[in-house]
Structures are given as C-alpha cells and as structure tokens.
Number of protein chains: 2
Amino acid sequence: MNIGEIARRAGVSRSTVSYALSGKRPVAAATARRINEVIAELGYRPNASARALAEGRTRTLALVIPPASRRLTNVQLDFVATVVEAAAAHDLDVLLSPSGGDHDRSFERIVTGRRVDGVIMMEILLDDPRVTRLRQNELPFVTIGHVEHPGGSWWVDVDYAALVRRCVHHLADLAHRHVVLINRSAELVAAGYGPAVRSTAGFQEAAEQRGLSAHVVCCADEPAAGLACFEQIRARRPEVTAVVTINEAALPGLQRALHRAGLVVPRDFSITGVIADRLAEDFHPPLTAADVPAEEMARLAVDLLVERIADPAADPRHALLDPVISLRSSTGARPAR
Amino acid sequence: MNIGEIARRAGVSRSTVSYALSGKRPVAAATARRINEVIAELGYRPNASARALAEGRTRTLALVIPPASRRLTNVQLDFVATVVEAAAAHDLDVLLSPSGGDHDRSFERIVTGRRVDGVIMMEILLDDPRVTRLRQNELPFVTIGHVEHPGGSWWVDVDYAALVRRCVHHLADLAHRHVVLINRSAELVAAGYGPAVRSTAGFQEAAEQRGLSAHVVCCADEPAAGLACFEQIRARRPEVTAVVTINEAALPGLQRALHRAGLVVPRDFSITGVIADRLAEDFHPPLTAADVPAEEMARLAVDLLVERIADPAADPRHALLDPVISLRSSTGARPAR
DNA sequence: TTGTAGGCGTTATCAC
DNA sequence: GTGATAACGCCTACAA
C-alpha cells in the first residue's frame with residue numbers, strides 16, 4: 001500500500017496526503033482528519049527507499065566498527081550502544097559496518113552507495129586509510145579518536161597522552177622510581193592505533209621529566225595476557241613498584257597475578273591508568289584512574305555529525321576530552337624495602 | 001553522478017549500463033569494456049535507495065537489540081558482532097534498532113517502513129510483543145531465543161532447561177544435597193525472559209527428581225550483585241555446597257566472594273552452569289559449564305533469515321542447540337563435614 | 001486550500 | 001545485442 005492508495009480512499013490527491021504527513025503546507029482540519037483516519041486504519045507508513053530517493057537523504061547514519069573477528073572490548077561496546085541510542089533520539093537509524101582496511105565491501109557500499117547521510121568511525125589509526133577515503137568523498141563524517149593530522153576533520157577523543165602523563169606524575173609524587181606502562185597489544189601499536197601510541201609518548205615524556213626508570217610493555221586484550229604480562233614484569237624487573245595501564249581487558253588477569261604474587265595493593269604495589277569508571281570501581285581495591293567517558297564521547301560524536309550534516313559548510317569542530325583522575329584506593333607511597 | 005551519465009559517456013543507453021552491471025542480459029564484450037572503463041574512471045556506484053525502490057528489496061537486515069540503557073552483556077555483544085559479520089558475508093548491511101516494548105519509534109520505522117528485507121531479534125520474552133507485532137506483518141524474521149508458543153516461527157536457541165537439568169544431575173552425582181541456582185535479574189524473570197524462566201524450571205525439575213534441596217535466587221547482571229548474592233547464600237543457607245549459574249556478568253563478583261569466604265573450589269564448593277567458554281576458561285579454577293555458542297547461534301540466525309527471505313513460502317525452521325557440558329575444574333564431590 | 005506533473009536513479013518489459 | 005519507456009513510491013515546485 002502506498003500514498004496513492006491513501007489518497008484515493010481519503011478522496012484527495014497524493015500531494016495533499018504528503019503534505020498532511022510532513023506539515024510543510026497547511027491542510028484543512030477536516031481533510032487532515034480524514035487522511036489520518038485512513039492512514040491509521042491501514043497502518044500506512046511511507047516507503048523509506050522512495051522517500052530517500054526523493055529527498056536525497058536517508059535518515060540513516062553509518063557506524064564503522066572493527067571487524068568482529070577482533071573481539072570488541074567493553075568500551076567499544078559502549079560506543080556502539082550509545083551511538084545507536086543517541087541516533088535514535090534524532091530519529092536516525094544506524095547501519096553497522098565491520099571494516100578493517102580500505103578494501104572492504106561493506107565500507108565501500110556505504111561510502112559510495114549513498115546509503116547514509118553521515119558516518120561515525122571508531123578505533124582510528126594515526127594514519128587511517130578509511131579517513132583518507134572518506135575525505136575525498138563529500139560524505140560527512142566524525143571520528144571517535146583522531147588521526148595524526150586531523151586538519152579540517154571532525155572528531156572527539158580522550159587526551160590519552162595528557163592522562164597518562166598525569167598518572168606518571170601522580171606516581172612520581174608518591175616516590176615511585178621504577179614504573180611500567182601496560183599498553184594495548186603489540187599489533188595495535190604497530191598499526192599506529194592512536195591511544196596506544198599517544199599513551200606511550202605521554203608515559204615516556206613524563207617519566208623522563210621526573211627522572212623515573214620507565215618501561216613499556218604491550219599486552220593483548222585478554223585476562224590471560226594480563227596475567228602473563230604482570231608475571232613477566234615481576235620476573236624481569238623486580239624493582240618496579242607501580243604500573244600505569246590503559247588495557248581494560250587485561251585487568252582481571254592483572255588482578256589474579258597480584259593475588260598470586262601475594263601483593264597487597266596499594267601497600268606493596270600501585271596501579272593506575274586510563275580505565276572506564278565502571279571497571280575501575282569493580283577492581284579490588286577500586287582503581288585510581290582516569291575515566292574513558294565512552295557514552296559522552298559517543299553522544300558528542302552523534303551530535304557533531306548531525307550538526308555537520310545539517311550544515312555541510314560549517315567549520316570543522318572537535319572535542320579533546322580530558323577527564324579528571326579519580327583518586328580511589330589503588331595507589332600509595334612506594335613501599336620501603 | 002548517475003547511471004544516465006555513465007550511459008552518455010559510454011555512448012549507450014541506461015539499460016545497457018544496468019545490464020552490464022547486473023549481468024542479467026548479455027552485453028557485447030566491447031560495449032561492456034567501454035562501460036566499465038567509464039565506471040572505473042568516474043568511480044560510479046548505483047544509488048542504493050533507487051535500486052531498493054526499483055527492486056523491491058533493500059539488501060539490508062535489521063537487528064533488534066535491547067535498549068542501550070540496559071547495558072549489553074558479553075554474550076549479547078557476541079551476537080551483535082557475529083550477526084553483522086555473517087550478514088556482511090552475504091553482502092547484506094545491518095541496521096540496528098534498540099527496542100524494548102512495542103511502542104518504539106525505531107522498531108516501527110523498520111518494521112513498517114520497508115527499510116529492511118528481514119529482521120533478527122534477540123532477548124526474546126516468553127510472550128514477546130515484538131514477535132506478535134512482526135507476525136502480523138509479512139516481514140520475514142528470525143529470533144535468537146524463542147517465545148513460549150513459537151508455532152510457525154523461525155528461531156534458534158540454546159536449550160537452557162536441558163542444560164541446567166544436566167548441571168543439577170552432575171552435582172547430584174557428586175553427592176551434593178543442597179544447591180542453589182543463581183539466576184539472572186528479578187526484572188528479567190518477572191518480564192518472562194526465556195532463559196531465566198526455563199533455567200528455573202529445569203533446575204527445579206531435576207532437583208526434585210534427585211531429591212535435592214534447591215533454591216533459586218535472582219541476581220543483577222553485575223559483579224557487585226554476584227558478590228552480594230553469594231554472601232547472602234552463605235549467610236542464609238550455610239548448608240549449600242554447590243551453585244548452578246547462568247549469570248555471566250555476576251561471575252567476577254562470585255569469584256571475589258569465594259575468595260573472601262576462604263573457599264577453595266572445588267574442594268569446599270562446586271560451581272557449574274551455562275557460561276560462555278571464554279568466560280568459563282577465565283574463571284579460577286576453569287568452570288565446568290555448558291557453552292553459550294553465541295557465534296554459532298548468530299550465524300545460524302542469519303542463514304535461516306537469508307533462506308526465509310529467498311523463499312517466503314518455506315516451511316518454518318528452528319534450531320534448539322544443546323551444547324555439551326565441558327568438564328573443567330570447578331566441580332567436585334560434596335565436602336565431608 | 002488543493003491538484004497536476006515532473007523528477008529522484010534504478011530495474012525490467014517491450015520492441016527492434 | 002541494444003534502446004525506449006514504464007514502473008517503483010515519494011516529494012515539491014507550479015498552478016489553480
């Protein structure tokens with residue numbers, strides 16, 4: 001059933017039905033009522049494809065996520081859920097595209113098939129082919145994370161470098177001298193994944209400034225890896241008294257390793273880093289850490305995208321969030337030996 | 001740029017371009033080459049909306065997920081990721097719809113706006129208004145989980161009742177006499193969430209059959225709730241020596257509670273249930289449990305849906321998976337007291 | 001206040 | 001082997 005059918009039954013023309021629906025032109029109250037009755041009775045809804053074709057917009061956003069094979073982390077999941085919710089608040093639907101590199105069918109379909117009005121991309125690399133690809137297109141997009149040279153693009157991110165720097169200063173203030181950064185996986189670092197690279201930089205910078213002995217270790221996004229990683233640190237560098245981490249998925253393993261080693265936090269060992277509040281609070285003891293405000297970021301990304309779609313000529317905007325470090329109970333003075 | 005532009009530049013008609021693209025009609029080799037050159041040069045891609053309008057299908061699936069406010073669990077996340085991936089393998093895009101009840105804008109848009117060729121729904125209630133809604137529509141759908149009277153609908157599910165029954169028998173075989181089921185949240189049970197209700201039934205049935213004293217407690221999907229829940233069990237029913245659980249999110253809390261109570265698993269206490277392999281293996285000690293094969297289920301759901309879309313008259317099909325319980329190290333004989 | 005008609009970009013049915 | 005041309009269902013000037 002289509003708009004013509006409604007028009008016929010209501011005894012009006014198709015345009016009148018269309019206008020009654022959109023409100024872009026006044027319609028006599030009586031006519032409108034008749035139309036609405038017919039619509040309600042038949043449960044009519046305009047065909048989305050036809051509307052998109054005529055209007056030149058799809059009322060749909062794309063969200064580009066990492067391929068499923070690489071298991072999503074909790075933070076990524078929060079991004080997805082919140083983006084979808086925020087989009088729904090604007091009456092926009094969300095199309096998911098699991099895309100890795102640049103030669104991706106799903107990604108190409110979306111970018112080039114005018115299937116969506118705009119794109120949100122997450123898990124951005126410093127030099128990201130998808131960003132390059134989107135730039136040469138006229139399709140509006142916003143990234144969660146940012147490339148090395150964001151130029152005129154739109155993005156939201158957390159200032160990992162600053163946060164990790166601050167963590168190091170905090171540990172230095174507590175008299176720790178030997179610290180380690182437990183980073184994300186080596187593959188991510190090698191691929192130039194922003195948070196992993198920027199955290200390393202911030203870590204080394206602050207450590208040097210405070211004269212600390214500092215080392216960075218990569219750790220896969222899994223509990224088991226966290227455990228192995230910590231045990232290796234203990235074995236190779238027994239002098240280390242504190243770690244900074246941005247690896248949430250490894251946390252349970254870290255917890256177990258601490259327990260196995262008989263270490264009491266923060267008496268014997270300090271832990272801090274960039275960890276979503278929810279996880280930080282579930283740690284034992286609760287982690288002194290900077291939050292990754294995934295929901296705020298996702299909401300912001302959607303709002304920016306909506307704005308950019310509405311006004312394609314608008315000046316580029318971005319937001320570099322710098323959440324405060326919440327002092328909880330996982331950091332303390334360097335243990336006296 | 002559109003198909004007409006390509007046709008003009010290649011010196012042919014639009015239909016020829018269309019056929020060259022679809023291969024539904026032979027095209028002279030020379031013509032085809034010329035057309036492809038122009039297409040490559042201009043980077044042309046057919047407009048998805050126009051194509052959908054003309055073809056009467058969108059090459060898009062909808063995945064209905066729980067609203068973001070209710071935080072997704074790991075298993076749900078696996079469903080989402082795998083559905084998207086499996087759909088991509090069929091060159092289908094996936095539209096996400098976060099929907100709770102029946103009065104949901106996003107859900108209505110999708111169901112009624114002919115935005116998709118089919119729908120996959122998850123987190124099904126025994127009496128689910130969304131299933132009812134979809135049934136009166138001609139839109140093909142498959143559910144992950146199943147309603148109480150699935151009649152002629154298409155679905156995939158895990159046989160929670162059978163699995164939990166088997167867990168109870170396993171514990172009874174180990175001489176346990178007092179057992180508890182740690183279920184999902186009270187709200188989910190009250191809402192008639194399939195796995196929660198069916199697990200309860202299977203638990204009680206098997207316990208009665210084996211003459212065990214059996215109690216069911218609800219537990220929110222959070223580590224903290226798991227901890228509180230276990231401590232309450234210990235306080236109120238000290239005679240309990242084993243639990244069965246289907247609540248994955250509560251697991252870390254359970255782990256901590258066990259540790260706090262100074263209980264060694266399985267020497268002092270046994271744990272089993274329906275838990276995804278990945279999580280079961282990360283527990284300490286690894287859990288004897290039945291897997292929730294989320295990926296298999298999601299892949300199956302997509303395959304069924306594709307099949308149903310291709311042949312709307314096909315007989316209804318479903319799959320009730322019955323994974324085996326993997327014997328790991330979390331269950332042992334009832335401790336002698 | 002309402003109707004007519006053209007266009008959005010494809011696909012598909014006729015002809016030739 | 002190829003070209004007109006009519007759908008597909010909606011939106012929106014332009015007229016009345």
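Protein chains get the first letters and strands the later ones, always in sequence-line order, with residue 1 at the start of each.
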Would you check, one step at a time, whether the test salt bridge (Lys or Arg N to Asp or Glu O under 4.0 Å) holds for A/Arg59 with A/Asp93? CA-CA 7 Å; A/Arg59 298 165 189 271; A/Asp93 289 319; over 6 Å; no

N/O donor-acceptor pair under 3.5 Å between A/Arg135 side chain and A/Ser153 backbone: no

Taking only the side-chain nitrogens and oxygens of A/Tyr44, find out if one of them lies under 4.0 Å from OP1 or OP2 of D/dC10. yes

When rounded to whole Å, the CZ to P distance for the pair B/Arg33 and D/dG1 reads 16 Å

Any luck finding a side-chain donor-acceptor pair between B/Ser18 and B/Ser15 under 3.5 Å? no

Roughly how far, to the nearest 0.5 Å, is the CZ atom of B/Arg317 from the CG atom of B/Leu304? 5.5 Å

Could you work out which one of C/dT2, C/dA12, D/dT2 sits closest to the side chain of A/Thr16? C/dT2

For the pair made of CD1 in B/Ile3 and C1' in D/dA4, what is the distance, rounded to whole Å? 14 Å

With a 3.5 Å cut-off and just heavy-atom distances, do the side chain of A/Arg25 and the base of D/dT12 make a donor-acceptor pair? no

What about A/Ser15: does its side chain form a donor-acceptor pair under 3.5 Å with the base of C/dT4? yes

Need the bend value for the helix from C/dT1-D/dA16 to C/dC16-D/dG1: angle between end axes, 5 pairs each end, nearest 10°. 40°

Quick note, B/Val12 side chain, CB onward, closest among C/dT11, C/dT2, D/dG3 is D/dG3

Any salt bridge linking A/Arg109 with B/Asp91? Criterion: basic side-chain nitrogen under 4.0 Å from a carboxylate oxygen. yes

Under 3.5 Å donor-acceptor, A/Arg308 side chain and A/Phe141 backbone: yes

Which sits closer to the 5' end of DNA chain C, A/Thr31 or A/Ala50, going by the nucleotide each is nearest to? A/Thr31

Give the nucleotide from the list C/dT4, C/dC8, C/dT11 with an atom nearest to the side chain of B/Ala54. C/dT11

Which whole-number value in Å describes the distance from B/Ile6 CD1 to D/dT2 P? 17 Å

Report the distance from atom OH of B/Tyr19 to atom C1' of D/dT2, rounded to the nearest whole Å. 10 Å

Within the structure shown, what part of the strands sits under 4.0 Å from B/Arg114 by heavy-atom distance: base, sugar-phosphate, or nothing? nothing

Length of the line joining A/Arg51:CZ and D/dG9:C1', which is rounded to integer Å: 11 Å

Residues 35-43 of chain A, side-chain donor-acceptor partners within the protein, below 3.5 Å, at least two apart:
| unit_1 | atom_1 | unit_2 | atom_2 | d |
| --- | --- | --- | --- | --- |
| A/Asn36 | ND2 | A/Ala32 | O | 3.1 |

Can we say B/Glu296 and B/Arg299 salt-bridge, meaning some charged N sits less than 4.0 Å from an Asp/Glu carboxylate O? no

Nearest-angstrom distance from the residue atom CZ of B/Arg8 to P of D/dA4: 13 Å

What contact category does A/Gly113 fall into here, base, sugar-phosphate, or nothing, at under 4.0 angstrom with non-hydrogen atoms? nothing

Taking the nucleotide of DNA chain D with the closest heavy atom to each, which residue, B/Ala28 or B/Glu55, is nearer the 5' end? B/Ala28

note: A/Lys24, atom NZ; D/dA13, atom C1'; distance rounded to Å ~ 12 Å

Distance check needed: D/dC8 C1' versus B/Asn47 CG, whole Å only. 13 Å

Does a nitrogen or oxygen in the side chain of A/Ser13 sit under 4.0 Å from OP1 or OP2 of C/dT4? no

